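Chain naming here is simple, since letters A, B, ... match the order of the sequence lines and numbering starts at 1 in each. Computed from heavy atoms alone, side chains included, the values below leave out hydrogens, waters and symmetry copies. Just so you know, these numbers come straight off a predicted model, no measurement behind them.
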Amino acid sequence: MLTLTLSTDQPFNLDKTLSCGQVFRWARNDDWWTGVVGNRLIRIQQDGNRLTWDGADESFIYDYFALDLDLPRVLSEIDRDPVIHRAIEECRGLRIIRQPPWECLVSYIIATFTNIPSIKRRITLLCREFGNEISSDGEPCFSFPTREALAGAEECQVRACSLGYRAPFLCHVAQAIQANPGWEATIHNLPYEEARKELMHYQGVGRKVADCVLLFGFGRLEAVPVDVWIERIIRQHYLMSGEKANYEYLRRYAQDYFGPYAGYAQEYLFCMRNDIAKKE
DNA sequence: TACCAGGTAGCTT
DNA sequence: AAGCTACATGGT
């Protein structure tokens with residue numbers, strides 16, 4: 001068991017960070033969160049400013065949860081109106097996790113046109129089918145499928161993980177990535193707009209998934225994924241009623257309005273969606 | 001039963 | 001370029 005004492009001027013809220021919907025492989029039992037990242041099975045708990053965990057070394061935890069990021073500065077940058085201000089007050093300490101790009105890409109392709117409980121269920125099925133077992137005590141746990149495992153999978157077997165029409169997309173993406181091992185470096189080295197276009201060449205990756213992968217997998221904190229909730233929030237709280245706005249308009253609006261850390265504003269607003277977005 | 005969910009691909013205008 | 005629509009599945 002390892003521990004880490006968080007500095008008091010760098011807020012971190014483990015519960016908000018793991019429950020806000022950015023990651024899909026963590027579950028909470030009592031005070032402990034259990035999750036799988038890469039080949040690591042991690043158990044972690046927060047008690048005030050003390051973090052206790054096992055399954056990973058300190059440098060991994062520090063980087064995964066972006067504890068090196070100056071969060072107060074980020075939050076003061078995006079704190080531009082009462083709506084986002086309330087989200088900041090409510091969710092302070094939520095940090096955008098640095099997800100492994102491959103896992104992030106596959107996860108957010110699976111996350112299209114569905115709901116969060118279904119996403120979690122489907123990813124669990126996919127890992128059980130194509131991942132490696134990494135623990136036998138208690139209930140079995142499986143690592144995320146590698147590119148090779150998924151590239152070699154039969155489409156019907158992928159489809160059997162309740163993935164529906166997404167199955168061929170996943171097979172296609174796995175094969176394309178396997179054939180292009182340098183994809184991560186390519187994306188890393190491209191400016192935002194071009195990186196986005198590059199990602200959108202993959203089947204199943206449109207504007208929204210590309211923005212999710214850039215934000216959650218490549219640390220592009222200016223990326224603003226616009227899902228149905230963020231669209232409602234922007235329309236209801238930031239635009240004139242009836243103002244014409246497609247995806248690109250909404251995304252650019254948020255980026256211009258919130259600035260270089262607009263992705264953080266997006267995630268704080270998403271976390272508050274049930275309180276500030278009225279359906280209809 | 002009908003509607004909705006962290007949208008995308010492919011087609012039409 | 002911008003606007004439609006089918007799409008698999010499960011939850012409410």
**Q.** Partner residues of A:Arg166 under the salt bridge (charged side-chain N to carboxylate O under 4.0 Å, His left out) criterion, sequence neighbours left out
**A.** none
Q.
So which atom in A:Ala210 and which in A:Val205 form the shortest heavy-atom distance, rounded to 0.1 Å?
A. N-CG1, 3.8 Å
Q. Given atom CG of A:Asn246 and atom P of B:dG7, what is their separation to the nearest angstrom?
A. 16 Å
Q. Which pair of non-hydrogen atoms, one from A:Met200 and one from A:Gly206, has the smallest distance, and what is that distance?
A. CG-O, 3.5 Å
(Q) Holding to ring-ring contact (aromatic ring centres under 6.0 Å, His included), I want the full list of residues that pass it with A:Tyr261, two or more places apart in sequence or in another chain. (A) none
**Q.** DNA chain B contacts made by residues 78-100 of chain A, counting heavy atoms under 4.0 Å
**A.** none
Q: Give every residue pair that meets the ring pair (Phe, Tyr, Trp, His ring centres under 6.0 Å) criterion with at least one member in residues 159-184 of chain A, sequence neighbours excluded.
A: A:Trp183-A:Phe218
Q: First locate atom CZ of A:Phe130, then atom CG of A:Leu125, and finally report the distance between them rounded to the nearest 0.5 Å.
A: 10.5 Å
Q: Would you check if A:Ile177 and A:Leu150 make a side-chain contact, meaning some heavy-atom pair closer than 4.5 Å?
A: no
Q. So, A:Gln266 side chain and A:Ala223 main chain: donor-acceptor pair closer than 3.5 Å or not?
A. no
(Q) In this structure, how many angstroms lie between the C1' atom of B:dA5 and the CH2 atom of A:Trp229, rounded? (A) 8 Å
Q: Give, ordered by number, those residues of residues 160-173 of chain A having at least one heavy-atom distance below 4.0 Å to an atom of DNA chain C; if nothing qualifies, reply none.
A: A:Ser162, A:Gly164, A:Tyr165, A:Arg166
Q.
Just by distance, no angles: are the side chains of A:Asp57 and A:Tyr62 close enough, under 3.5 Å, to form a donor-acceptor pair?
A. no
Q | With A:Phe113 via ring-ring contact (aromatic ring centres under 6.0 Å, His included) - residues at least two apart | A | none
Q | Between B:dG6 (C1') and A:Leu105 (CG): distance, integer Å | A | 15 Å
Q) For the pair made of NZ in A:Lys197 and C1' in B:dT8, what is the distance, rounded to whole Å? A) 19 Å
Please list, for nucleotides 10-13 of chain B, all pairs of protein and nucleotide N/O atoms separated by less than 3.5 Å.
none

Q. Looking at side-chain heavy atoms only, is the closest gap between A:Phe12 and A:Leu51 below 4.5 Å?
A. yes
Q) On a whole-Å scale, what distance lies between the C1' atoms belonging to C:dA8 and B:dA5? A) 13 Å
Q) Quick one: are A:Phe258 and A:Leu269 in side-chain contact, heavy atoms under 4.5 Å? A) yes
**Q.** A:Arg28 versus A:Ser19, side-chain donor and acceptor atoms under 3.5 Å
**A.** no
Q: For the pair A:Asp81 (side chain) and A:Ile84 (backbone), establish whether a donor and an acceptor sit closer than 3.5 Å, ignoring hydrogens and angles.
A: yes
Q: Give the nucleotide from the list B:dG7, B:dA5, B:dG6 with an atom nearest to the side chain of A:Gln22.
A: B:dG6
Q. What is the nucleic acid contact for A:Gly21, judged by heavy atoms within less than 4.0 Å: base, sugar-phosphate only, or nothing?
A. base
Q | A:Gln10 versus A:Arg95, side-chain donor and acceptor atoms under 3.5 Å | A | yes
Q: Round to the nearest Å and state the distance from A:Arg207 atom CZ to B:dT8 atom P.
A: 7 Å
Q: Using heavy atoms and a sub-4.0 Å distance, could you list which residues of residues 249-274 of chain A are near DNA chain B? By number, please.
A: A:Gln266, A:Glu267, A:Phe270
Q) Under 4.0 angstrom, heavy atoms only, what part of the nucleic acid is A:Val228 near: base, sugar-phosphate, or nothing? A) sugar-phosphate
Q) Does a salt bridge link A:Glu193 with A:Arg251, judged by any charged N lying under 4.0 Å from a carboxylate O? A) yes
Q. To the nearest angstrom, how far is A:His201 atom NE2 from B:dA9 atom P?
A. 11 Å
Q. Between A:Asp227 and A:Lys208, is the closest basic N to carboxylate O distance under 4.0 Å?
A. no
(Q) Need one value for A:Ile230: base, sugar-phosphate or nothing, where a base atom within 4.0 Å counts as base even if backbone is also close, heavy atoms only. (A) base
Q. In whole angstroms, how far is the C1' atom of B:dT8 from the OH atom of A:Tyr247?
A. 12 Å
Q | Pairs touching residues 32-61 of chain A that satisfy ring pair (Phe, Tyr, Trp, His ring centres under 6.0 Å), sequence neighbours left out | A | A:Phe60-A:Tyr64
Q.
Closer than 4.0 angstrom, basic N to acidic O: yes or no for A:Arg86 and A:Glu90?
A. no
Q. Tell me, what's DNA chain B's dot-bracket, Watson-Crick or G-U with both distances under 3.5 Å, | for other-strand, [ ] crossing?
A. .||||.|||||||
Q: Would you please confirm or rule out a distance under 4.0 Å between OP1 or OP2 of B:dC4 and any side-chain N or O of A:Arg232?
A: no
(Q) Quick one about A:Glu243 and A:Tyr249 (side-chain donor to acceptor, distance below 3.5 Å, no hydrogens or angles considered), yes or no? (A) yes
Q: Mind calculating the distance between CG (A:Asp211) and C1' (B:dT8) to the nearest angstrom?
A: 14 Å
Q. Which pair of heavy atoms, one from A:Ala151 and one from A:Gln175, lies closest together, and at what distance?
A. O-NE2, 3.3 Å
Q. Between residues 114-123 of chain A and DNA chain B, which residues have a heavy-atom gap below 4.0 Å?
A. A:Thr114, A:Asn115, A:Ile116
(Q) Quick check for you: name the first and last nucleotides of DNA chain C, 5' to 3', having an atom under 4.0 Å from a heavy atom of chain A. (A) C:dG3 to C:dG10
(Q) I'd like the P distance from B:dG6 over to C:dC4, given in whole Å. (A) 24 Å
(Q) Once rounded to the nearest 0.5 Å, what's the spacing between atom CD of A:Gln255 and atom CD of A:Glu222? (A) 7.0 Å
